[in-house]
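Each remark here refers to the structure printed beneath this line.
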Amino acid sequence: MEIMITAAAAEKLTEKIKGREGYLKLKYDTEDCGCAVNGVIALWYVHEVNTDDITIETNERNVYMEKSKAVFFDEKMTIDFSKGTNSFQLKSPQQILNGYMSFVVTEKTD
């Protein structure tokens, strides 16, 4: 799997992360979606990765995703940021996987 992060997305990520320590994760979120095959792709910034997460090296920073959810993603993808819609986007050569991708910073729990 290949992921490229555009300059616009990298700039916005740096702004939103604001020096926090953590990991960028593509999350296939199925909560409140009915069943496991109905989900929404979101961009999360988490404090730790899970043991079943896979690492994808990009041109900017590593991105993580749950191995079991990789089937819902395309082989080549781009994380972009649209100033027009003020949102992150996940695209592939075949489709737009999410044109209005949420960005969630999770809080550290002890």
Side-chain angles (χ1 to χ4, degrees):
M1 187 173 290
E2 294 177 34
I3 298 176
M4 193 213 41
I5 299 175
T6 66
E11 182 180 321
K12 195 58 145 175
L13 285 168
T14 299
E15 177 186 315
K16 288 187 168 287
I17 293 167
K18 298 178 186 165
R20 291 182 178 104
E21 290 187 28
Y23 305 91
L24 191 60
K25 185 171 182 174
L26 276 172
K27 177 82 172 158
Y28 188 77
D29 192 2
T30 58
E31 191 169 320
D32 296 329
C33 290
C35 73
V37 296
N38 293 329
V40 177
I41 298 170
L43 198 54
W44 286 21
Y45 196 71
V46 298
H47 291 282
E48 57 188 38
V49 293
N50 298 324
T51 56
D52 68 331
D53 286 345
I54 57 174
T55 307
I56 302 148
E57 294 182 10
T58 77
N59 58 311
E60 284 290 326
R61 63 177 71 227
N62 288 344
V63 174
Y64 299 85
M65 79 171 52
E66 296 169 71
K67 185 177 182 178
S68 63
K69 302 295 198 274
V71 67
F72 298 110
F73 295 89
D74 289 344
E75 191 58 34
K76 288 186 175 189
M77 297 177 291
T78 300
I79 297 172
D80 196 3
F81 184 80
S82 169
K83 291 182 181 179
T85 60
N86 194 35
S87 62
F88 288 97
Q89 299 177 329
L90 185 64
K91 308 171 187 178
S92 76
Q94 295 83 14
Q95 63 183 324
I96 295 175
L97 291 115
N98 191 341
Y100 299 94
M101 190 164 52
S102 299
F103 181 78
V104 177
V105 176
T106 61
E107 297 299 322
K108 189 174 185 177
T109 57
D110 293 325

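For the atom pair K83 NZ and E11 CD, the distance stands at 5.5 Å (nearest 0.5 Å). The CD1 atom of I56 lies 6.5 Å from the CG atom of L26; values are rounded to the nearest 0.5 Å. One finds the CD1 atom of I54 at 11.5 Å from the OH atom of Y64 (value rounded to the nearest 0.5 Å). Atom NZ of K25 and atom OH of Y45 lie 14.0 Å apart (nearest 0.5 Å). Note: M65 CE to D53 CG = 9.5 Å, rounded to the nearest 0.5 Å. Interatomic distance, E75 CD to I3 CD1, rounded to the nearest 0.5 Å: 10.0 Å.
With a 6.0 Å radius and a threshold of 12 heavy atoms from other residues, nucleotides or ligands, I96 has its CD1 atom at or below the threshold. E21 CD: 12 or fewer foreign heavy atoms inside a 6.0 Å radius.
Y23 is not connected to F103 by any chain of hydrophobic side-chain contacts under 4.5 Å among Ile, Leu, Val, Met, Phe, Trp and Tyr, and they are in different clusters. A continuous path of Ile, Leu, Val, Met, Phe, Trp and Tyr side chains, each step under 4.5 Å between heavy atoms, connects V49 with V104, placing both in one hydrophobic cluster. Residue I79 is grouped with residue F72 when hydrophobic side chains (ILVMFWY) are merged at heavy-atom distances under 4.5 angstrom, including chains of intermediate members. Under a hydrophobic-cluster definition in which Ile, Leu, Val, Met, Phe, Trp and Tyr are linked whenever side-chain heavy atoms come within less than 4.5 Å, directly or via other members, M4 and I41 are assigned to different clusters. Side-chain heavy atoms closer than 4.5 Å link hydrophobic residues (I, L, V, M, F, W, Y) into clusters, and following such links, even through other members, never connects V63 to W44.
Residues E60 and T58 have side chains that never bring a donor and an acceptor to within less than 3.5 angstrom of each other. Donor-acceptor pairing under 3.5 Å is recorded for the side chains of D74 and Q95. A donor-acceptor pair shorter than 3.5 Å can be found between the side chains of T6 and D80.
Side chains of N59 and I5 form a contact here, defined as non-hydrogen atoms less than 4.5 Å apart. Contact of the K12 side chain with the F88 side chain is registered, since non-hydrogen atoms from C-beta on lie closer than 4.5 Å. Side chains of M77 and M1 form a contact here, defined as non-hydrogen atoms less than 4.5 Å apart.
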Margin query: Please evaluate residues F81 and N86 with respect to the criterion side-chain contact (heavy atoms from CB on, under 4.5 Å), reporting the C-alpha separation (whole Å), side-chain torsions for both, the decisive distance (0.1 Å), and the verdict.
Written below: CA-CA 7 Å; F81 184 80; N86 194 35; 3.2 Å; yes
Checklist line | side-chain contact (heavy atoms from CB on, under 4.5 Å) assessment of K27 paired with K69 | finding: CA-CA 8 Å; K27 177 82 172 158; K69 302 295 198 274; over 6 Å; no
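The two residues R20 and K16 have their closest heavy-atom pair at NH1-O, 3.1 Å. Across R61 and I17, no two heavy atoms sit closer than the pair NH1-CD1, 3.7 Å. Residues M101 and A42 share a closest heavy-atom pair of CG-CA, 3.7 Å. In terms of heavy-atom proximity, T85 sits nearest to G99 at OG1-O, 4.5 Å.
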